[in-house]
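Single-structure report; data block below.
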Amino acid sequence: MLTALASLNDQVFVRLSLPVDPREMIVVSGFAGYIYARSANADATLIRAFDQETVGALVSMRFGLLPLAGSAEYSFVDQRGGPGVQIPIPDVRRHVVMLHLTAALQFGPGTPPLQ
């Protein structure tokens, strides 16, 4: 959530990825993260702004010999607000679903044709 306040954040993020098939055409990933944010008041005292936990999963695959890859990602973000400095930071819960499609195309003399 955009707070328009400068903050000092302590953050940890972990991701584990494993191939599903021997050719590594499909990969499954899981991730988790934690943020603890503080902002400074006029006396330069750090005050808890919010803390946030994130968990999610990602499935990625390549499409044969085509220069395409795609993935589907789901994440859940749980932010617990704090008193903040000028305004209180609210609690936020967010579900995020994203679909990604990536292409790595090349062109020019000597480029092999698409198969």
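None of the values given here were measured: they were computed from a predicted structure. Basis for what follows: all heavy atoms, side chains included, without hydrogens, waters or symmetry-related copies.
Listed for the D78 side chain is no donor-acceptor partner under 3.5 Å among the backbone atoms of R93.
Here the closest heavy-atom approach between residue R48 and residue D51 is recorded as NH2-OD1, 2.6 Å. For the residue pair P19 and E24, the shortest heavy atom distance occurs at CB-CG, 3.7 Å. Counting all heavy atoms, side chain and backbone alike, V96 lies closest to M98 at CG1-CG, 3.9 Å.
Clustering ILVMFWY residues whenever any of their side-chain heavy atoms sit less than 4.5 angstrom apart, transitively, puts I89 in a cluster other than the one holding L8. Note on L99: it does not cluster hydrophobically with L58, by side-chain heavy-atom contacts below 4.5 Å among ILVMFWY residues. L66 is connected to L101 through a chain of hydrophobic side-chain contacts under 4.5 Å among Ile, Leu, Val, Met, Phe, Trp and Tyr, so both are in one cluster. When the side chains of ILVMFWY residues are joined at heavy-atom separations under 4.5 Å, either directly or via intervening members, I26 and L68 end up in a single hydrophobic cluster. Both V20 and F63 are part of a single hydrophobic cluster, where members link through side-chain heavy atoms under 4.5 Å apart.
With sequence neighbours excluded, the residues satisfying salt bridge (charged side-chain N to carboxylate O under 4.0 Å, His left out) with D10 are R38. Residues passing the side chain to side chain contact (heavy atoms under 4.5 Å, CB included) test with E53, sequence neighbours excluded: Y34, R80.
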side-chain contact (heavy atoms from CB on, under 4.5 Å) between V59 and M61, worked out: CA-CA 7 Å; V59 176; M61 68 181 295; 5.8 Å; no
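One finds the OG atom of S7 at 10.0 Å from the CG atom of L46 (value rounded to the nearest 0.5 Å).
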Under 3.5 Å, which donor-acceptor pairs link side chains of residues 69-77 to any protein atom two or more places apart or in another chain?
unit_1 : atom_1 : unit_2 : atom_2 : d
E73    : OE1    : H100   : NE2    : 3.2
Y74    : OH     : H95    : ND1    : 2.6

